[in-house]
Amino acid sequence: MRDRITGAKALMRALQAEGVKTIFGYPGGAIMPVYDALFDYTRGEKKCFDHILVRHEQAATHAAEGYARVSGEVGVALVTSGPGATNTMTGVADAMMDSTPMVVIAGQVPISALGSDAFQEVDLVGVAQPISKWSYQIRRAEDIAWAVSRAFFIARSGRPGPVVLDFSRNAQVEEVEWEPKKVDFVRSYVPYPQLDPEAVRQAADLINNARQPLALVGQGVELGNAQEELREFLEKADIPAGRTMLGLSALPSNHPLNVGMLGMHGNYAVNLKEQECDVLIAIGMRFSDRVTGNLKTYARQAKIIHLDIDRSEIDKNVKTDVAVVADCKESLPAITALLYKNKHQKWRDSFRELDEKERVKVIQPAIHPTSGPLLMGEVVNGVAEQAPDDTVLVTDVGQNQLFATRYFKFHHQRSLCTSGGLGTMGYGMPAAIGATFATDRAVCCFMGDGGFQMCIEELGTIMEQQCPVKMILLNNNYLGNVRQWQDMFWMRRKSFTKMMNPSYELIARAYGIAYEAVTDRQQLAGAIKKMLATPGPYILECAIKEDDDVLPITPPGMNVDEMMLEV
């Protein structure tokens with residue numbers, strides 16, 4: 001006869017079967033039976049999980065995202081019902097937009113109380129359905145093993161994403177004969193489409209006959225663990241490659257075929273050259289509006305090849321000439337095998353004049369200013385120059401994100417955590433916490449004063465766990481990105497973007513976190529060195545020029561080649 005155990009203990013065994021090691025969570029009434037079961041699984045001989053107590057449920061999801069992005073595993077968040085569950089929805093939407101594998105398990109009132117407006121009852125499945133890959137309510141203990149296995153299969157397979165399990169309290173306390181389940185098939189769900197050899201041949205023919213090919217590399221390369229396949233593809237055909245923000249660490253910054261970051265605040269040459277290439281190869285990216293600018297004029301001169309695992313992305317924004325729908329770890333080598341060894345030296349050389357123009361007008365003044373207040377670019381560059389090559393960069397959202405992704409250097413895969421599609425302020429600090437549990441590599445987190453205060457409660461988590469997060473606070477006393485847009489597009493009417501800030505030194509001291517403030521560039525290099533050498537968490541606050549602007553910029557709605565180097 002099999003063991004009879006509670007549903008809460010069955011959940012523990014189901015998570016064990018999925019290889020879960022770390023859980024980010026916050027307890028409450030409707031999930032208390034699970035937390036009671038978890039007690040035995042986080043200590044003593046039975047220990048198999050680390051549970052990280054966050055200070056807000058949204059932070060649990062962002063920490064799970066950071067963990068997933070760096071480790072390549074599924075992140076797990078555990079919360080209670082009602083506001084505990086709804087507080088996770090921003091993180092669920094963020095993970096959906098950025099294809100991050102995550103399972104959120106939330107408590108729910110007993111099935112007998114559903115629909116009665118019971119204390120902390122909410123229709124979580126209904127709320128989560130539009131912003132998750134799958135949401136499901138576990139109503140019976142006997143469904144736990146199946147539901148958990150199905151959740152992890154859906155979250156990690158194909159194009160990854162978040163899954164939400166709504167776990168009724170009665171199912172947590174009911175007894176069930178434990179029987180493990182393994183779900184590796186879901187009817188009508190095809191996570192890995194079959195590669196079409198004819199599409200591969202057509203793509204290879206276009207690339208072989210191209211005179212000015214350009215690759216656009218997205219996060220799909222990282223999600224598919226296809227970094228080596230990407231390099232072989234690019235090098236065989238000598239194709240210059242731009243990277244989306246989320247795809248930055250898919251190709252090393254110093255690779256000779258890397259021509260910079262795409263998008264509204266990306267690099268000048270690659271954005272202009274999108275309007276000159278004759279064949280454009282999009283690899284694991286979704287043609288975001290922040291990359292394409294005005295869709296009516298975007299890359300009209302080019303034949304478009306789109307490699308993506310998700311068929312729904314094909315022709316969604318940009319009309320495709322050849323679609324190769326498959327995992328890029330499979331499609332890239334298939335195309336590479338049919339490519340000629342080629343040289344496009346003249347085409348690649350044509351980027352250099354534009355690169356030099358950006359270097360002189362934008363990059364050099366941003367990272368090596370000679371006078372005036374500190375600039376964000378020089379702080380990012382200063383950290384990048386001293387940080388280990390395998391450092392994980394985490395950013396919040398806003399100017400800190402745009403400067404950090406422009407001027408940091410990437411040498412290893414899975415080296416970036418940032419909120420791309422949803423643009424979630426407050427993402428940075430909890431995501432950095434999650435990253436520290438996924439790796440022993442250094443973790444540097446850049447935040448503005450606005451985003452820092454949106455997640456400031458997570459300093460408590462950092463204090464308790466002694467997470468070795470190096471927090472670089474770029475303080476300009478403004479909501480900087482909104483302020484820049486107000487200056488550029490709203491007649492300098494700075495409506496509610498000026499911020500009164502607290503003493504971050506006193507806050508750091510209260511949490512027992514090492515701290516230093518930098519107000520002069522002569523202090524910067526030494527302060528960075530001290531931060532990186534100090535064990536455990538650290539806050540480096542940098543007093544930034546208030547009207548420091550991110551450049552270049554393609555104004556919203558403009559053509560991608562109308563990028564401005566100055567304002």
Side-chain angles (χ1 to χ4, degrees), residues 90 93-94 97 244-245 261-268 271-272 274-275 287-298 317 357-358 361-363 365-367 369 372-380 395-407 418-428 446-456 473-502 542-567:
T90 295
D94 193 281
M97 290 284 280
T244 67
M245 182 181 287
M261 184 170 77
L262 301 159
M264 177 180 280
H265 290 289
N267 292 107
Y268 190 58
N271 277 282
L272 268 62
E274 286 179 277
Q275 303 295 74
F287 286 114
S288 159
D289 60 300
R290 287 297 174 100
V291 167
T292 64
N294 182 3
L295 278 170
K296 293 180 180 178
T297 61
Y298 179 72
N317 294 326
K357 190 173 182 180
E358 181 184 3
K361 281 186 169 289
V362 176
I363 297 174
I367 67 175
L374 278 170
L375 301 180
M376 291 192 192
E378 70 175 310
V379 175
V380 173
T395 84
D396 207 83
V397 167
Q399 287 185 319
N400 67 89
Q401 174 189 42
L402 303 170
F403 275 109
T405 51
R406 274 185 60 82
Y407 294 119
T418 194
S419 174
L422 199 63
T424 306
M425 287 181 68
Y427 169 95
F446 288 86
M447 293 173 279
D449 42 314
F452 187 94
Q453 290 183 82
M454 280 197 175
C455 58
I456 200 166
L473 172 56
L474 303 174
N475 187 355
N476 58 8
N477 298 302
Y478 269 99
L479 297 175
N481 207 44
V482 184
R483 190 275 313 155
Q484 179 176 340
W485 281 46
Q486 287 172 338
D487 279 352
M488 292 182 68
F489 311 123
W490 295 92
M491 301 175 64
R492 299 188 177 275
R493 290 160 58 89
K494 297 181 179 64
S495 181
F496 300 101
T497 45
K498 180 78 172 175
M499 296 195 75
M500 178 182 287
N501 283 310
C542 300
I544 300 298
K545 180 184 178 186
E546 288 192 346
D547 59 351
D548 194 6
D549 288 336
V550 188
L551 293 170
I553 180 172
T554 302
M558 301 294 283
N559 302 335
V560 71
D561 56 351
E562 294 179 305
M563 182 170 244
M564 299 162 56
L565 291 172
E566 54 193 352
V567 293

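Along the sequence shown, residues are numbered consecutively beginning with 1. These numbers come from a predicted model, not from an experiment.
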Could you give the distance from CE (Met97) to OG (Ser288), rounded to the nearest 0.5 Å?
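Met97 atom CE to Ser288 atom OG measures 7.5 Å (nearest 0.5 Å).
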
Point-to-point distance, once rounded to the nearest 0.5 Å, from OG1 of Thr497 to CH2 of Trp485
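If we round to the nearest 0.5 Å, Thr497:OG1 and Trp485:CH2 are 14.0 Å apart.
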
Under the rule for side chain to side chain donor-acceptor pair (under 3.5 Å), what residues qualify as partners of [X], not counting sequence neighbours?
| X | result |
| --- | --- |
| Gln275 | none |
| Tyr298 | Glu274 |
| Thr405 | none |
| Asn271 | none |

Pairs where residues 543-560 contributes a residue and the test salt bridge (Lys or Arg N to Asp or Glu O under 4.0 Å) is met, not counting sequence neighbours
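Sorted pair list: Arg483-Asp549, Lys498-Glu546, Lys545-Asp547.
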
Quick one: salt bridge (Lys or Arg N to Asp or Glu O under 4.0 Å) pairs with a partner in residues 553-567, sequence neighbours left out?
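Listed once each, the pairs are Lys361-Glu566.
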
For [X], enumerate each residue passing the side chain to side chain contact (heavy atoms under 4.5 Å, CB included) test, keeping only those at least two apart in sequence or located in another chain.
| X | value |
| --- | --- |
| Ile456 | Phe452, Leu459, Ile507 |
| Met454 | Met425 |
| Leu295 | Thr292, Asn317, Val318 |
| Phe496 | none |

Side chain [X], main chain [Y], donor-acceptor under 3.5 Å:
| X | Y | result |
| --- | --- | --- |
| His265 | Leu551 | no |
| Gln401 | Thr418 | no |
| Asp396 | Gly428 | yes |

Under the ring pair (Phe, Tyr, Trp, His ring centres under 6.0 Å) test, residues paired with Tyr427 that sit two or more places apart:
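With neighbours one apart ignored, the set is His62.
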
Only counting residues at least two apart or in another chain, list the ones meeting salt bridge (Lys or Arg N to Asp or Glu O under 4.0 Å) with Arg493.
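Counting only residues at least two positions away or on another chain, Arg493 forms no salt bridge (Lys or Arg N to Asp or Glu O under 4.0 Å).
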
